[in-house]
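Here the structure comes first, spelled out in structure tokens, and everything after it is commentary.
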2 protein chains.
Amino acid sequence: MADARGNRPPARPAPRPTVRRRDGAPAGTGEVTPGGGPLYRQVKEQLVREIAQGRYPVTDPLPSEQKLAARFGVAQGTVRRALDDLVRDNLVIRHQGRGTFVHAHGPERDRFHFFHLVAADGERRLPASRVLSVTRRRANQDEALALEIPPQDRIVEIRRVRDLMARSAILETIVVPDALFPDLGSLPKTQVPNTLYQLYQDRFGVIIHRAVEKITAQAAGRDDVTYLGLDRGAPLLLIERIAQTLDGTPVELRSSRCDTRHLAYFSDIL
Amino acid sequence: MADARGNRPPARPAPRPTVRRRDGAPAGTGEVTPGGGPLYRQVKEQLVREIAQGRYPVTDPLPSEQKLAARFGVAQGTVRRALDDLVRDNLVIRHQGRGTFVHAHGPERDRFHFFHLVAADGERRLPASRVLSVTRRRANQDEALALEIPPQDRIVEIRRVRDLMARSAILETIVVPDALFPDLGSLPKTQVPNTLYQLYQDRFGVIIHRAVEKITAQAAGRDDVTYLGLDRGAPLLLIERIAQTLDGTPVELRSSRCDTRHLAYFSDIL
DNA sequence: TCATATAACTCTTATAGAAGACTTAGAGTT
DNA sequence: AACTCTAAGTCTTCTATAAGAGTTATATGA
């Protein structure tokens, strides 16, 4: 009982209320309500929702910590905690003195974060792309399932060859729902940029946040022989990627067939 | 000038001192000295050093935040910041009410964090292992280079076949420096456990913290035919891993040759 | 065994100064 | 008049501290 904090009843009957607020706070647009749990997490989840629905364009900053704190009716430190989490999750990026921004795609991020194939010399460069075709067609069974769209829904398919070190090294097929990317199917081959995720973001407001890759070894087939110059039956690396947005909706299917004679997939386990 | 913070001279001459301490702190065993930079980072780095040198066994907790704060002569919140970073880096794990522990290896962690091969049915189980041989020999050029040991130094080589879903699916060769793992080379085949990293940790005090994997497609050779039942020349996945301790020393080379007909490597990009 | 107490850890709030980035006003030059 | 440079001011995030309230695991005693 020599505790400076005084006597704290140990078996406190009152459970923590689902939502608490700073006492005198006017509680702006009461948005810290869902679920319960720690305040900072409620704030975080609300911010994720708002970012997911495209409320903050990547060009200008989120409201300052002060303003967010006032809006949510919590202390600035709590907002800070939430924002720190968002930084950890690669959702936002902060610049001291400038503000906090939704983490946008660009050559930098795409090369280091979403592209794991590295040339034999160890250089990490983003390969040049040669688009073979851009097609609009109906999804097959597997595609509809993976993209969580109704069967027979329209999709856009992009096929391209990517060069690394002046060699055709990757044969890539990309499938996205037509509904999410209007006009993409009508884009001329020459207009398809190298960094697709940046295109998704800038032109269609779709931000790729997460991707799952399934990697297997395959024997080279007809197309691989044609486009990659492999011998028939030669081993190649097949990477099947499903890319998702912030809210977990799958929006892109990508299969990359790689000649790994001068190339390797790198994975860092931290 | 109506700022409540008052007039702050903009061109302040005094730079931040390299090391600061709370004013009256006796500064225990002055250990927050290196480098400079934010206090919380200095604390973090010192803790990493201490963990790396095995100062805290995985069985019992680190000193409480209070004690660490007192020892380093900083506020508890600062220690907390440092510990949060260590949690993020997978170095320690915290249990409310129990304490903070060095994050130990075990079946759980090894299965989900360090083992990325998943059976076709999606189940993530750790495969059973059948050890073929345990050998002590001299390192070749490549091995010495990768392990950063003198050429011709002794190493221990373990070869094993791992079964997934009652199929021989992975042919694995593991190479570690003999110096770091005394007696490992004399271990009978039947005594080699399935989760090696746990063995490294419990028996030799070596904690694997990070691994880099290089993945390519290869054609099946003689051993692959023998042990995996593949046809000669069939495609297989080759995973070459270098595992490191906390301080970045490479301590294990592991090459896994996988039959990916009923198996795939999964990579999650967050 | 069950209740209680204690000692950790976790969460929230508050405050204050440091440091970086941008804007604006004004002096000076072209 | 138009332009350039600099200083001051303001806004932002970053760092550090402190303290109280809440939660959880464990030891203690009836």
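Below, chains carry the letters A, B, ... as their sequence lines are ordered, and counting in each starts from 1.
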Phosphate contact ([N] OP1 or OP2) by [X] side-chain N/O below 4.0 Å:
X      : N       : result
T78(B) : dT17(D) : yes
S64(B) : dA8(C)  : no
K67(A) : dC11(D) : no
R98(A) : dC22(C) : yes

Would you mind classifying the nucleic acid contact of [X] as base, sugar-phosphate or nothing, using non-hydrogen atoms under 4.0 angstrom?
X       : result
R81(B)  : sugar-phosphate
E65(A)  : sugar-phosphate
T100(A) : sugar-phosphate

- Message: L196(A) vs R160(A), test: side chain to side chain contact (heavy atoms under 4.5 Å, CB included). Steps then yes/no.
- Response: CA-CA 12 Å; L196(A) 274 177; R160(A) 63 181 179 182; 4.0 Å; yes
Measure [atom1]/[X] against [atom2]/[N] and give the value in whole Å, please.
X      : N       : atom1 : atom2 : value
Q66(B) : dT6(C)  : CD    : P     : 17 Å
H95(B) : dT24(D) : NE2   : C1'   : 12 Å
L39(A) : dT23(D) : CG    : P     : 12 Å
I93(A) : dA21(C) : CD1   : P     : 13 Å
Y40(B) : dA18(C) : OH    : C1'   : 14 Å
Q76(A) : dT12(C) : CD    : P     : 15 Å
R94(B) : dT23(D) : CZ    : P     : 18 Å
D84(A) : dT15(D) : CG    : C1'   : 12 Å

- Task: Please tell me which of the listed nucleotides, dA16(D), dC14(D), dT12(C), lies nearest to the side chain of R80(A)?
- Result: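 Of dA16(D), dC14(D), dT12(C), dC14(D) is nearest to the side chain of R80(A).
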- Query: Between the base of dT12(D) and the side chain of Q96(A), is there any donor-acceptor pair under 3.5 Å?
  - Reply: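 No pair found.
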- Message: Which residue is it: R80(B), R71(B), R81(B)? I am looking for the one with a salt bridge (Lys or Arg N to Asp or Glu O under 4.0 Å) to E65(B).
- Response: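 For E65(B), the salt bridge (Lys or Arg N to Asp or Glu O under 4.0 Å) check succeeds only for R80(B).
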- Task: List for me each residue that meets side-chain contact (heavy atoms from CB on, under 4.5 Å) alongside R203(B), sequence neighbours excluded, and say none if there are none.
- Result: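 Checked R203(B) against side-chain contact (heavy atoms from CB on, under 4.5 Å); matches are L199(B).
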- Set of side chain to side chain donor-acceptor pair (under 3.5 Å) partners for D163(B), sequence neighbours left out: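 Checked D163(B) against side chain to side chain donor-acceptor pair (under 3.5 Å); matches are S168(B).
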- Query: Judged by modelled atom types alone, do Q46(A) and E50(A) share a side-chain donor-acceptor pair under 3.5 Å?
  - Reply: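 Indeed, the side chains of Q46(A) and E50(A) share at least one donor-acceptor pair under 3.5 Å.
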